[in-house]
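Residues take their numbers from the sequence shown, with the count starting at 1. Values in this document were obtained by computation on a predicted structure and should not be read as measured data. Just follow the structure's listing: the first ligand is 1, and inside any ligand the first atom is 1.
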Amino acid sequence: MAMPFHASSLPSVPKCSNEGKQEMTNMALIFDRYKDRLATLPKEKGWITENLYMYQGFWHQPSRRISVETVMALQDTFKAHPTDIYLATLPKSGTTWLKALVFALVNRNRYKDNRLSTHPLLVSNPHNCLPFIETEVYRNTPTYVDAHVHSPHLFATHIPYTSLPRSVLDFGCRLVYLCRNPKDVLVSMFHFANKLRDKSRGLLTLEEAFDLFSKGIMPTGTYWDHVKGYHKASIEYPQNVLFLTYEDMKIDTVNNVKRLASYLGHPFTDEEEGEGAVQGIIRLCSFENLSEVNKHGNLREDIPNDAFFREGKVGDWKNHLTDEMSCILDKITREKFYGLDITSNLNC
Ligand code: PAP
């Protein structure tokens with residue numbers, strides 16, 4: 001019989017307020033440990049935080065749960081397990097959707113016989129179901145410590161390929177990379193940043209956001225180098241890196257979800273397909289369903305659940321960017337991705 005769902009079984013929810021306090025303490029210790037290195041890094045204007053810092057060729061937020069200090073701490077301490085699977089994305093590329101799909105696919109037998117109302121994705125944010133390695137690093141007992149017990153373990157990350165903790169690459173851990181059209185990423189990030197920015201800093205204008213984005217300045221950007229890093233790895237190590245696009249996932253969800261399931265080692269059987277299991281998972285993880293479940297409440301004190309669900313569409317940039325902005329970004333994208341088979345799958 002399938003296990004009933006308990007909120008306490010979700011990986012990244014602090015189990016009690018003591019654990020939450022301990023996380024805050026651990027976070028402060030990590031920020032302190034790397035403060036001297038942070039001070040030496042080039043900085044630029046940020047979207048949510050006041051500044052972004054350039055580390056190993058990419059821009060990162062400072063002193064937050066997902067931050068440059070986290071990357072440094074993970075590089076110094078994180079020990080991957082060979083069977084781990086990592087979901088990598090640049091922010092606003094479909095992380096929440098991918099987390100939901102992968103969690104639902106991998107755990108589908110566990111919740112199969114349950115009444116549907118007990119499925120975690122019907123009561124909790126996908127970010128609570130599948131943790132970022134960046135946030136695990138603050139926990140007293142990070143999930144990855146017992147990864148061999150629940151092997152394979154699933155994690156998400158926004159870290160650029162070349163900055164991943166060494167053991168992830170040395171073990172050849174499997175990675176799933178999801179990327180999205182740069183203009184939709186820009187617009188999505190623009191709205192997200194304005195929801196989370198400190199009100200005293202005022203709202204970011206679209207012109208400012210465009211200017212930062214086109215210079216490559218965004219959390220874990222540049223956009224183009226982030227995508228190129230994982231794309232190159234997917235060509236070099238096709239068994240280890242599955243490269244997906246948000247646009248392909250939208251156009252042909254069924255085949256891409258089946259592909260994802262096979263890659264994760266959980267292919268659908270003929271019987272499951274006959275029973276409509278693929279469509280069931282797609283419905284469970286749909287924008288419509290998840291945005292309804294996450295209409296209220298907060299993921300954490302500073303992030304409302306609904307901040308991760310806005311339009312969920314391909315091409316919403318057309319409602320925001322001017323023709324001139326669009327042309328400039330198209331030109332940069334063509335130049336940066338020249339000779340690479342990426343743009344056609346991104347509707348660029
Ligand atoms: P994150 O990296 O901060 O976790 P991420 O989930 O990558 O954010 O991006 C949020 C985007 O995914 C939003 O796009 P939009 O602003 O253009 O609307 C959000 O609406 C979209 N999104 C969230 N859930 C889904 C889903 N189930 N299906 C499709 N798109 C989704």
Heavy-atom count check: over 12 atoms from other residues, nucleotides or ligands less than 6.0 Å from Gln239 CD?
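12 or below, so no.
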Have a look at His127 and tell me which of Phe309, Trp97, Phe308, Phe103 forms a ring-ring contact (aromatic ring centres under 6.0 Å, His included) with it.
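Single ring-ring contact (aromatic ring centres under 6.0 Å, His included) partner of His127 among Phe309, Trp97, Phe308, Phe103: Phe308.
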Please enumerate all residues that pass side-chain contact (heavy atoms from CB on, under 4.5 Å) together with Asn298, with sequence neighbours excluded.
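In terms of side-chain contact (heavy atoms from CB on, under 4.5 Å), with neighbours along the sequence ignored, Asn298 is linked to Pro304.
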Please verify the inter-ring angle class for His320 with His191; under 30° counts as parallel, over 60° as perpendicular, anything in between as tilted.
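Perpendicular.
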Between ligand 1 and the protein, which N/O pairs fall short of 3.5 Å?
{"from": "ligand 1", "atom 1": "2 (O)", "to": "Lys92", "atom 2": "N", "distance (Å)": "3.1"}
{"from": "ligand 1", "atom 1": "2 (O)", "to": "Thr95", "atom 2": "OG1", "distance (Å)": "2.6"}
{"from": "ligand 1", "atom 1": "2 (O)", "to": "His158", "atom 2": "NE2", "distance (Å)": "3.4"}
{"from": "ligand 1", "atom 1": "3 (O)", "to": "Lys92", "atom 2": "NZ", "distance (Å)": "2.7"}
{"from": "ligand 1", "atom 1": "4 (O)", "to": "His127", "atom 2": "NE2", "distance (Å)": "3.1"}
{"from": "ligand 1", "atom 1": "6 (O)", "to": "Thr95", "atom 2": "N", "distance (Å)": "3.3"}
{"from": "ligand 1", "atom 1": "6 (O)", "to": "Thr96", "atom 2": "N", "distance (Å)": "2.8"}
{"from": "ligand 1", "atom 1": "6 (O)", "to": "Thr96", "atom 2": "OG1", "distance (Å)": "2.4"}
{"from": "ligand 1", "atom 1": "7 (O)", "to": "Lys92", "atom 2": "N", "distance (Å)": "3.1"}
{"from": "ligand 1", "atom 1": "7 (O)", "to": "Ser93", "atom 2": "N", "distance (Å)": "3.0"}
{"from": "ligand 1", "atom 1": "7 (O)", "to": "Gly94", "atom 2": "N", "distance (Å)": "2.8"}
{"from": "ligand 1", "atom 1": "7 (O)", "to": "Thr95", "atom 2": "N", "distance (Å)": "2.7"}
{"from": "ligand 1", "atom 1": "7 (O)", "to": "Thr95", "atom 2": "OG1", "distance (Å)": "2.8"}
{"from": "ligand 1", "atom 1": "8 (O)", "to": "Lys92", "atom 2": "NZ", "distance (Å)": "2.9"}
{"from": "ligand 1", "atom 1": "14 (O)", "to": "Arg180", "atom 2": "NH1", "distance (Å)": "3.2"}
{"from": "ligand 1", "atom 1": "14 (O)", "to": "Ser188", "atom 2": "OG", "distance (Å)": "3.4"}
{"from": "ligand 1", "atom 1": "16 (O)", "to": "Ser188", "atom 2": "OG", "distance (Å)": "2.7"}
{"from": "ligand 1", "atom 1": "16 (O)", "to": "Arg310", "atom 2": "NE", "distance (Å)": "2.8"}
{"from": "ligand 1", "atom 1": "16 (O)", "to": "Arg310", "atom 2": "NH2", "distance (Å)": "3.4"}
{"from": "ligand 1", "atom 1": "17 (O)", "to": "Arg180", "atom 2": "NH1", "distance (Å)": "3.4"}
{"from": "ligand 1", "atom 1": "17 (O)", "to": "Arg180", "atom 2": "NH2", "distance (Å)": "2.9"}
{"from": "ligand 1", "atom 1": "17 (O)", "to": "Arg310", "atom 2": "NH2", "distance (Å)": "3.2"}
{"from": "ligand 1", "atom 1": "18 (O)", "to": "Glu311", "atom 2": "N", "distance (Å)": "2.6"}
{"from": "ligand 1", "atom 1": "18 (O)", "to": "Gly312", "atom 2": "N", "distance (Å)": "2.7"}
{"from": "ligand 1", "atom 1": "20 (O)", "to": "Arg310", "atom 2": "N", "distance (Å)": "3.0"}
{"from": "ligand 1", "atom 1": "20 (O)", "to": "Gly312", "atom 2": "N", "distance (Å)": "3.2"}
{"from": "ligand 1", "atom 1": "27 (N)", "to": "Cys285", "atom 2": "O", "distance (Å)": "2.9"}
{"from": "ligand 1", "atom 1": "27 (N)", "to": "Phe287", "atom 2": "N", "distance (Å)": "3.3"}
{"from": "ligand 1", "atom 1": "30 (N)", "to": "Tyr246", "atom 2": "OH", "distance (Å)": "2.7"}

Quick one: which residue pairs count as a salt bridge (Lys or Arg N to Asp or Glu O under 4.0 Å) with a foot in residues 158-172, not counting sequence neighbours?
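Listed once each, the pairs are Arg166-Asp170.
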Test of understanding: with side chain to side chain donor-acceptor pair (under 3.5 Å), list the residues that count as partners of Asp306, not counting sequence neighbours.
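Checked Asp306 against side chain to side chain donor-acceptor pair (under 3.5 Å); zero matches.
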